[in-house]
Amino acid sequence: MKYVERCLWDYKANVAMLEILTLRLGALRSVHGHNYEAHSVNGASDPVANVTGQILDLEKKIHRTGLMVYPVQRLEADLKGNAQPTYHMQEILKLRYFEHNSREYVQSELGLSQTTYWRRQEELLRLARKYLAED
């Protein structure tokens with residue numbers, strides 16, 4: 001599965017992960033969340049450096065996860081419309097990628113021929129590549 005499809009397929013898991021990482025970061029940054037356990041590095045321990053390292057690691061993970069979440073959120077918002085091709089792409093995004101239903105189920109649910117389904121899905125993926133900078 002290519003990067004764009006993986007981002008769409010894993011969207012809900014990535015949103016949940018982003019929320020967890022953000023909560024962990026908030027706890028580490030709060031006065032009550034500091035855990036100044038001393039970890040020995042070359043015979044010396046630096047508890048502040050330990051917490052700072054944890055914060056930096058979490059910030060990197062949040063950034064990487066955000067790069068997979070925020071573009072999909074913008075894509076979803078921009079697909080909200082009444083034009084039929086846009087509606088089909090929006091529903092394919094929701095039913096196929098977010099809810100992990102089979103292609104056959106989505107095609108049947110939307111009343112699309114196989115050809116129309118594939119065309120709309122390709123249009124969706126082409127648009128998603130632009131949002132995810134994969135073009």
| remark: Residues passing the side-chain contact (heavy atoms from CB on, under 4.5 Å) test with D10, sequence neighbours excluded, are R6, N14

| remark: With sequence neighbours left out, the residues meeting ring-ring contact (aromatic ring centres under 6.0 Å, His included) with H100 are W9

| message | Suppose we screen for side-chain hydrogen bond (donor to acceptor under 3.5 Å, both in side chains). Which residues come up paired with T22, at least two apart in sequence or across chains? | response | none

| message | Can you list everything that forms a salt bridge (Lys or Arg N to Asp or Glu O under 4.0 Å) with K12? Sequence neighbours excluded, please. | response | none

| note | Across all chains, not counting sequence neighbours, the side-chain contact (heavy atoms from CB on, under 4.5 Å) partners of Q90 are L79, K80

| Any donor-acceptor pair under 3.5 Å linking the side chain of R120 with the backbone of T116? | no

| remark: By salt bridge (Lys or Arg N to Asp or Glu O under 4.0 Å), E19 pairs with (sequence neighbours left out) none

| Can you list the residues that meet the side-chain contact (heavy atoms from CB on, under 4.5 Å) rule with K94, with sequence neighbours excluded? | E91, E99

| Under the salt bridge (Lys or Arg N to Asp or Glu O under 4.0 Å) test, residues paired with E122 that sit two or more places apart | none

| Can you list every salt bridge (Lys or Arg N to Asp or Glu O under 4.0 Å) pair that touches residues 102-119, not counting sequence neighbours? | none

| said: According to salt bridge (Lys or Arg N to Asp or Glu O under 4.0 Å), who are the partners of E76, at least two apart in sequence or on a separate chain? | reply: none

| Test side-chain contact (heavy atoms from CB on, under 4.5 Å) applied to A77 - qualifying residues, sequence neighbours left out | none

| query | Can you name the ring-ring contact (aromatic ring centres under 6.0 Å, His included) partners of Y117, sequence neighbours left out? | reply | none

| Taking atom OH of Y87 as the centre, does the number of heavy atoms from other residues, nucleotides or ligands within less than 6.0 Å exceed 12? | no

